[in-house]
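Read through the structure below, which is laid out as structure tokens, and then see the notes.
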Amino acid sequence: MRIATYNINGTNARLPRLLEWLAEYKPDIACLQEIKIQTENFPVETLNAAGYHCLVHGQKGFNGVAILSREPATETQRGLPGDDLDDHSRYLEAEVAGVRVASIYLPNGNPQPGPKFDYKLAWFDRLAVHAATLLDRAQPVILAGDYNVVPHDDDIWSPIALAGDALMQPESRAAYRRLLWAGWTDAVRSIHPNGRIWTFWDYQAGAWHQDHGFRIDHLLLSPLAADRLVDAGVDKAVRGEEKASDHAPTWITLRS
DNA sequence: ATGACAATCAGAGATTGA
């Protein structure tokens, strides 16, 4: 089974690229972020015709997550629990083909310090609480998404250039590390322990052509999921297409 | 560098992103 996470940076702007990617790489489950569209406007019929069921947690203008799947999915959580005042669409979770999967769009947190960074850390705390309830399920669990965290200096082209960024702060990294300590496995780092692997290249300053990227899209696996992990990687070529998202799809394969 | 680049909402330029 192939499970991918892909921050598409706008559904309407990216639909042709999304359809091409689905047709070529054929993920069984695709967790999307930054769909930037209201739930009722998501192109469900088009994706159904492409062979995918859709669960959508949209929002006008920004944010928004979705789960596409070849098999029908049952929604298990819409929105991250823990703050009734948080109206951002950043979390969607479902049961699909015998696994539990979440599509996560963690807050960026810039500029830091400030209220947006506080929101990011608070959101991370809420994620840790909810993730703990999923960790000991008797089925594989995959938390896939844009975590907006560069876990280690080896996960960015230049730690110096981005030293002040919210993605790099010790508090952000500690929050991510807490998930690993709790028992979650960083799938890409597990398969590629030493590589410099990017999932994001900024639109600015020729970042793509100079390979100035970060690794911020992650798939975290529960122990039962990690036991089935076969391979992991990034569909880097997708980032080089015309009108591409600034993120590339990141994926795992699990043995069934 | 109050930057660059891109998407969205709106219908110009601000906001958001990373």
Side-chain angles (χ1 to χ4, degrees), chain A residues 5-19 21 31-43 56-66 86-91 103-124 127 144-173 175-176 188 196-218 234 236 238-250:
Chain A
T5 180
Y6 185 15
N7 180 322
I8 63 172
N9 188 19
T11 299
N12 289 329
R14 213 68 60 210
L15 188 57
R17 294 289 84 76
L18 176 62
L19 293 169
W21 170 68
C31 298
L32 307 181
Q33 301 86 35
E34 283 206 89
I35 63 173
K36 295 184 175 180
I37 195 169
Q38 287 170 298
T39 301
E40 58 269 30
N41 294 333
F42 195 77
V56 183
H57 185 30
Q59 183 170 351
K60 187 174 186 176
F62 66 124
N63 302 326
V65 289
D86 182 6
D87 58 357
H88 287 198
S89 297
R90 296 180 176 277
Y91 188 92
S103 182
I104 291 173
Y105 179 46
L106 221 131
N108 169 304
N110 280 306
Q112 74 80 32
K116 292 189 174 182
F117 191 60
D118 296 340
Y119 172 60
K120 175 181 193 153
L121 297 179
W123 207 95
F124 237 133
L127 178 62
D146 176 359
Y147 281 75
N148 271 316
V149 173
V150 173
H152 187 273
D153 281 356
D154 292 343
D155 294 312
I156 189 165
W157 69 278
S158 170
I160 302 299
L162 275 292
D165 196 281
L167 282 60
M168 295 281 292
Q169 295 314 298
E171 297 93 331
S172 305
R173 289 175 161 181
Y176 184 77
V188 168
R196 281 162 60 89
I197 298 166
W198 316 143
T199 67
F200 167 90
W201 293 258
D202 202 297
Y203 288 123
Q204 302 181 56
W208 166 249
H209 291 101
Q210 298 174 83
D211 199 28
H212 289 176
F214 324 155
R215 190 174 75 91
I216 54 177
D217 299 275
H218 309 299
V234 178
K236 184 174 176 179
V238 173
R239 177 63 181 85
E241 299 288 344
E242 287 297 316
K243 296 287 288 181
S245 170
D246 41 6
H247 295 250
T250 306

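In this text, all values refer to a predicted model and were calculated from it rather than measured experimentally. Chain letters run A, B, ... following the sequence lines, proteins first, then strands; residues in each count from 1.
- Taking CG from Leu32(A) and OG1 from Thr11(A), the interatomic distance works out to 7.5 Å, rounded to the nearest 0.5 Å.
- At least one side-chain heavy atom of Tyr147(A) sits less than 4.5 Å from a side-chain heavy atom of Leu127(A).
- A gap of 15 Å separates the C1' atoms of dG3(B) and dG17(B), to the nearest Å.
- Between dA10(B) and dT16(B), the distance separating the two P atoms is 14 Å to the nearest Å.
- Between dT2(B) and dA12(B), the distance separating the two P atoms is 28 Å to the nearest Å.
- Here Arg90(A) contributes atom CZ and Tyr119(A) contributes atom OH; the two are 4.5 Å apart, rounded to the nearest 0.5 Å.
- Each of Tyr105(A) and Gly10(A) was matched to the nucleotide of DNA chain B holding its nearest heavy atom; the match closer to the 5' end belongs to Gly10(A).
- Comparing Gly61(A) and His88(A) by the nucleotide of DNA chain B that holds the closest heavy atom to each, the one mapping nearer the 5' end is Gly61(A).
- Across all strands shown, Asp146(A) has heavy atoms under 4.0 Å from sugar-phosphate atoms exclusively, and none from any base.
- Contact footprint of chain A on DNA chain B: nucleotides with an atom under 4.0 Å from a non-hydrogen protein atom, first to last in 5' to 3' order, dA4(B) to dA18(B).
- Among Asp155(A), Asn108(A), Leu162(A), the one residue that satisfies the side-chain contact (heavy atoms from CB on, under 4.5 Å) test with Leu167(A) is Asn108(A).
- Distance NE2/His247(A) to CZ/Arg14(A): 10.0 Å, rounded to 0.5 Å.
- When side chains are defined from C-beta on, Asp246(A) does not count as touching Gln204(A), because their heavy atoms never get closer than 4.5 Å.
- To the nearest whole angstrom, the two P atoms, one in dT15(B) and one in dA1(B), are 23 Å apart.
- Using a 4.0 Å heavy-atom distance criterion, Asp246(A) is classed as making no nucleic acid contact.
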